[in-house]
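Each chain gets a letter, A, B and so on, in the order its sequence line appears, and its residues count up from 1. Just so it is clear, the values below take in all heavy atoms, side chains as well, and ignore hydrogens, waters and symmetry mates. The shown structure was predicted, so the numbers you read here are calculated from the model rather than taken from an experiment.
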Protein chains: 2
Amino acid sequence: MSSEQIADALEREIICGHYRPGEELKQGEIANRFSVSRIPVRDAFQVLAARGLIDLVPNRRARVINLSVDEIDEVYDLRILLECDCLVRSIRNRTEADTSAIERALAHSNIDARTDRWADSDWMFHASLYRPAGRPRQMAMIENLRSTCRIHIAGYGILPSRTDGWLDDHAALVEAFKERAENRAVEILERHIADARKTVLATFPPV
Amino acid sequence: MSSEQIADALEREIICGHYRPGEELKQGEIANRFSVSRIPVRDAFQVLAARGLIDLVPNRRARVINLSVDEIDEVYDLRILLECDCLVRSIRNRTEADTSAIERALAHSNIDARTDRWADSDWMFHASLYRPAGRPRQMAMIENLRSTCRIHIAGYGILPSRTDGWLDDHAALVEAFKERAENRAVEILERHIADARKTVLATFPPV
DNA sequence: GCCTCCTAAAATGTATACATTTATACATTT
DNA sequence: AAATGTATAAATGTATACATTTTAGGAGGC
């Protein structure tokens, strides 16, 4: 079990809600669990910290991030900015092969929509929409921001509200994509992400 | 010398051109140089890798990134997207105190423009423009993308072409900022960053 | 009951040691 | 001379050990 594998395994546990926002991660406990020494665990922690999934202060225990309302707001604004830009580039580049990959991802997403795989399938669908843009670094940044959101979604047991409307958005996105209707696609996506933000922020205690 | 300090020191050496793109970083050599064991150096490497400044493959030596033309292109597009958005938010939020901080940064930037501190001062100036937006995460992403660019700028000894025009852009940006002229400010900034990209890409061998 | 101070336990940070993998140099072959 | 194979050197990966720091819990005072 290399440090890279440990980082990936821990990332999955964090975004799946095994560790909650603010919860501590102890080097020793994790080292025992993966049957390695603390050295590779430390390496993995540095990676997770640089990805922004945990807070790491010297001599203090690692903690899963616990974002404030303002920070969540910023993350969703960044998602809107990066995802909409990626979608536009994607629509401009797209070929027929891309479209069929998207329709397969849409079908999968519909099947998983009401299971615990919904978040994974949702990302698979959106990734298929953005992939034709040919922007690997931008995709990595988007995936990272989405992981940040998932920590809170999974940690507080948030489920998508209005699953039907959410699936309708996906179908409408695919239609706009196929018709190369950039502006309509961006409008749908922006509202889609803003809706997700509302659902997450609704779980915060009112000020 | 903690791992965090080592990461920061190495980042500075990399973006200042002490290590060139593609050059190897050896744990042992760096450990000796900073008078520590290889453990904190390894921690620092993980941080630099997650920041995208070095490539890290298990069992292989760490290497400074060496971006292709396509990758440089993507980084500059991301900078335009994130920096212009930040500037707009900044203009909408700004107060008089912000303006005076910007004018101080502009003065510094003008003084350093033809010294080896030009890149640092340039970032200080742009950071002062973006800070009123109140977007710390977006700022960190921008700073990271700028570091990526600086690796190539410093590594290949690229100097800003047309320093006069570049300083004029800064002055014009401040004017637009003060007048809350969003669209004009974004136009200037977009062209300003696109010009920087041209200078960097010009150093690549023609295809 | 609540706060402060102190101590023991626990967790982290890193140096050292050693196993494993990769890189380099040299000899051998074509 | 170029290419291949091999042995040596060097670099990496991680387990262990120990120093340092933080955390947790309780005694004592207000």
Side-chain angles (χ1 to χ4, degrees), chain A residues 1-15 17-68 151 155, chain B residues 1-68 140 151 155:
Chain A
M1 200 100 190
S2 71
S3 68
E4 198 178 355
Q5 291 172 302
I6 293 168
D8 290 342
L10 287 177
E11 173 161 357
R12 265 222 84 70
E13 292 187 346
I14 291 171
I15 67 179
H18 185 277
Y19 289 100
R20 293 271 177 82
E23 195 172 338
E24 289 177 349
L25 288 92
K26 295 180 201 170
Q27 296 176 8
E29 180 231 318
I30 292 163
N32 286 336
R33 198 145 58 78
F34 291 107
S35 300
V36 293
S37 78
R38 283 169 32 234
I39 301 289
V41 175
R42 288 175 54 77
D43 286 353
F45 276 15
Q46 295 289 352
V47 173
L48 296 178
R51 287 185 193 161
L53 303 183
I54 64 175
D55 289 328
L56 217 45
V57 178
N59 288 312
R60 298 265 163 75
R61 289 175 203 160
R63 280 178 183 281
V64 177
I65 53 160
N66 195 0
L67 299 184
S68 65
I151 291 175
Chain B
M1 199 102 192
S2 72
S3 68
E4 198 178 355
Q5 291 173 302
I6 293 169
D8 289 343
L10 286 177
E11 174 161 357
R12 267 223 82 72
E13 291 186 348
I14 292 171
I15 67 180
C16 290
H18 185 277
Y19 289 100
R20 293 270 178 81
E23 195 172 338
E24 289 175 350
L25 288 92
K26 295 178 201 171
Q27 296 176 8
E29 181 232 318
I30 291 163
N32 285 336
R33 198 145 58 79
F34 291 106
S35 300
V36 293
S37 79
R38 286 187 300 121
I39 302 289
V41 175
R42 289 175 53 76
D43 286 353
F45 277 16
Q46 294 290 352
V47 173
L48 295 178
R51 287 185 195 161
L53 302 183
I54 64 174
D55 289 328
L56 216 46
V57 178
N59 288 311
R60 298 266 165 75
R61 291 175 201 161
R63 279 177 184 281
V64 177
I65 53 161
N66 196 359
L67 299 184
S68 66
I151 291 175

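In this structure, CG of A:D43 is placed 14 Å from P of C:dT12, rounded to the nearest angstrom. Computed from coordinates, the B:E4 CD to C:dT14 P distance equals 11 Å when rounded to whole Å. Atom CG in B:N59 sits about 7 Å away from atom C1' in C:dT20, given to the nearest Å. Summarising the geometry, the separation between CZ on A:R63 and C1' on C:dA11 is reported as 13 Å, rounded to the nearest angstrom. In this structure, the CZ atom of A:R61 is 11 Å from the P atom of C:dA10, given to the nearest Å. As a whole-Å value, the separation of A:R42 CZ from D:dA15 C1' is 14 Å. For A:F45 and C:dA11, the CZ to P distance is 12 Å, given to the nearest whole Å. Atom CD of B:Q46 is separated from atom C1' of D:dT14 by 13 Å (rounded to the nearest Å).
Residue B:R38 places a side-chain atom within donor-acceptor reach of the base of D:dG13, judged by atom type and a 3.5 Å distance cut-off alone.
At a threshold of 4.5 Å between non-hydrogen side-chain atoms, the residues B:S2 and B:E4 count as touching. In this structure the side chain of B:R20 never reaches within 4.5 angstrom of the side chain of B:V64, judged on heavy atoms.
Listed here is the closest heavy atom pair of A:G22 and A:R63: O-NH1, 2.7 Å. A pairwise comparison of heavy atoms in A:L10 and A:F45 identifies CD1-CE1, 3.8 Å as the closest pair. Scanning all heavy atoms of the two residues, the minimum distance from B:S3 to B:P40 falls at CB-O, 3.4 Å.
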For A:L53 and A:Y19, run side-chain contact (heavy atoms from CB on, under 4.5 Å): C-alpha distance rounded to whole Å, both residues' side-chain angles, the deciding distance at 0.1 Å, then the answer.
-> CA-CA 11 Å; A:L53 303 183; A:Y19 289 100; over 6 Å; no
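A salt bridge links B:R33 with B:E13: the closest approach of a Lys/Arg side-chain nitrogen to an acidic carboxylate oxygen falls below 4.0 angstrom. Under 4.0 Å is where a charged nitrogen must lie from a carboxylate oxygen, and between B:D8 and B:R51 at least one such pair does.
Backbone-only engagement by A:L25 is indicated by non-hydrogen atom pairs under 4.0 Å involving sugar-phosphate atoms exclusively.
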Using Watson-Crick and G-U wobble pairs whose two distances are both under 3.5 Å, how do you write the pairing of DNA chain C as dot-bracket, with | for links to another strand?
-> ||||||||||||||||||||||||||||||
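Each of A:P58 and A:P40 was assigned the nucleotide of DNA chain D with the nearest heavy atom; the assignment lying further toward the 5' end belongs to A:P40.
Here CD1 of B:I65 is found 4.0 Å from CD1 of B:I151. Values are rounded to the nearest 0.5 Å.
Residues of residues 26-37 of chain B that place a heavy atom closer than 4.0 Å to DNA chain C, in numerical order, are B:V36, B:S37.
Comparing D:dA24, C:dA15, D:dA11 by their nearest atom to the side chain of B:I39 picks out C:dA15.
Applying the 4.0 Å criterion to OP1 and OP2 of C:dA23, one finds that B:R60 has a side-chain N or O inside that range.
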